[in-house]
Protein chains: 2
Amino acid sequence: MSTLLTLPAKSAPAAVAKVPSAVTRLTLLDTAERLFAERGIDGTSVRDITKAAAANVSAVNYHFGGKDGLVEAVFFRRLAPLNDRRLTRLEAAIKHAGASPVPLEDILDAFIRPSVDELRTGGYTNHFLRLMGRCLQEPNPKLETFLVGVFAEVVGTFNPHFVRALPGLPTGELFWRTSFMFGTLHHALYTWSRFETCQFASMSGMPQTTRLTGEQLVRSLIRYAAAGMRAPFGSEDPLPS
Amino acid sequence: MSTLLTLPAKSAPAAVAKVPSAVTRLTLLDTAERLFAERGIDGTSVRDITKAAAANVSAVNYHFGGKDGLVEAVFFRRLAPLNDRRLTRLEAAIKHAGASPVPLEDILDAFIRPSVDELRTGGYTNHFLRLMGRCLQEPNPKLETFLVGVFAEVVGTFNPHFVRALPGLPTGELFWRTSFMFGTLHHALYTWSRFETCQFASMSGMPQTTRLTGEQLVRSLIRYAAAGMRAPFGSEDPLPS
DNA sequence: GCCGATTTCAAACGTTTGTTTGAACGGTGT
DNA sequence: ACACCGTTCAAACAAACGTTTGAAATCGGC
């Protein structure tokens, strides 16, 4: 339930030189992250994980209290610093803007860049990027409430600045455009992170120019999302049937 | 493998008055669609399906040759007419445009509208919409190759018209913007179709103005995607750090 | 009313799932 | 040397998994 980061038993006294080995714990987290990204959570058994991690089957239950605890730990390990980065970058953009509204591109940069950039540079592999692109649609209900809670603070902090940066846009429309931006980001992460072996690359004879660096992907995403969120709203020309 | 729509045994002779009952088959497809959307494919057992459908456990194997066959049938039943609709609408837009390039909004309309609109009006429930939003990220490899094959024709047909409608846009950038549009659409379908019971609605105190009709969602999506795909491309002002 | 084909059914198949158990291991402090 | 604590391990647990089986039930055509 609420035992998100509580280590297994490890009675808290003398908490100085803690985490004696924790190598098995880390290996389990890494391999679980990789396998979850490749086969999904339900498609990965604890035996798959422990076998790939060269650990015992019961290690998952010992270190994480069960498979559910491992799932939460896998996501929490990445999501917490990711969202910290987002908030930090937004703070910087707010300070840089002074009293005037934060430019839309800066808000999007603070939101998007950590997903693509910081996650990779911190010794992270591409596996969590694939997992990120999928996480919102994982059917695990516990995970869903957990993710919603983690994201709530971020969205709540970003939303007022979107409102200021896009004056005149109705609240409902802004909600949906934010959701569109979310979907754009997640699908792009999923596609980009697995592009090396992606079957979609052969869909329409795609050339090699589709390979992007992380920085290029960030810029493309911001360009696309900024233009989309700034799209004129109102009863313009009706669409043809 | 390639037995996508082949009925179980049913030796083909006297193929006139076929499909004697097929009520069990249809019930299984409907309930499987619903449960797949709610719990994911791996999270749904054949016993869950057959129990909810008031059928026998072996019915899945009899009618579809196994769970994999059922999965393919669930997707194929919706995807085939959906993509037919897309191609038909694109044809109409091409004819309407004459020799000039098809307007970007018309291309997007032909691509997006069937997903939101036609799928619902044809007696479809919302369940496949949720499944649609998730299908590209289902870890089932067989399903993936199947979906890629189904979508290949559509993408191959739409791409040349995107090229004409967006002159000057590099091929690589166009690929990614198309992918962005794809992600936008799928995430929007997922969010919109489950909005009634969606936890995201409570994330930032969203008002009731976020409820959209299908038509409103289509127009919002087209506005957003059109603006995003038309975003200026080049080495403009560098983003702030 | 009977026959052959089609469909349903209860029961069981072997495998895999997540989890638990209790003993053995490997350090550290005394 | 001893006891202690955190960790690992092989073995087993009941439950659920997809699938198979062979016998009933159902139906249409003659």
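Each chain gets a letter, A, B and so on, in the order the sequences are listed, and its residues count up from 1.
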Quiz item: Run the ring-ring contact (aromatic ring centres under 6.0 Å, His included) check on B:Tyr190 and B:His186 step by step: do they pass?
Solution: CA-CA 6 Å; B:Tyr190 190 74; B:His186 276 231; over 10 Å; no
Quiz item: Can A:Ser115 and A:Arg85 be counted as having a side-chain donor-acceptor contact under 3.5 angstrom?
Solution: no
Quiz item: Would one find a side-chain N or O of B:His63 under 4.0 angstrom from OP1 or OP2 of C:dT8?
Solution: yes
Quiz prompt | Rounded interatomic separation in angstrom, taking OH from B:Tyr62 and P from D:dG18 | solution = 21 Å
Practice problem: Using the test ring-ring contact (aromatic ring centres under 6.0 Å, His included), find all partners of B:Phe158 that sit at least two apart in sequence or belong to another chain. | Solution: B:Phe111
Self-check item: All side-chain contact (heavy atoms from CB on, under 4.5 Å) counterparts of B:Asp30, not counting sequence neighbours
Solution: B:Arg77, B:Arg78
Quiz item: Salt-bridged, B:Glu215 to B:Arg113, with N to O below 4.0 Å?
Solution: yes
Exercise. Return one dot-bracket line describing DNA chain D 5' to 3' (Watson-Crick or G-U wobble pairs, both distances under 3.5 Å; ( ) same strand, [ ] crossing, | another strand, . none).
Key: ||||||||||||.||||||||||.|||.|.
Quiz item: Within this structure, what is the CG-to-C1' distance between B:Leu28 and D:dG18, rounded to whole angstrom?
Solution: 15 Å
Quiz item: Between A:Trp176 and A:Phe180, what is the ring plane arrangement, given parallel below 30°, perpendicular above 60°, and tilted in between?
Solution: tilted
Quiz item: Among all residues two or more places apart in sequence or in another chain, which pass the salt bridge (charged side-chain N to carboxylate O under 4.0 Å, His left out) test with A:Asp48?
Solution: A:Arg39
Exercise. Respond yes when some side-chain nitrogen or oxygen of A:Thr24 is under 4.0 Å from OP1 or OP2 of D:dT7, and no when none is.
Key: no
Practice problem: Produce a footprint string for nucleotides 18-25 of chain C: one letter per nucleotide, 5' end first; B if the base is under 4.0 Å from any protein heavy atom, S if only the sugar-phosphate is, - if neither. | Solution: BBBB----
Practice problem: Please list all pairs passing the salt bridge (charged side-chain N to carboxylate O under 4.0 Å, His left out) test where one or both residues lie in residues 57-68 of chain A, with sequence neighbours left out. | Solution: A:Asp68-A:Lys142
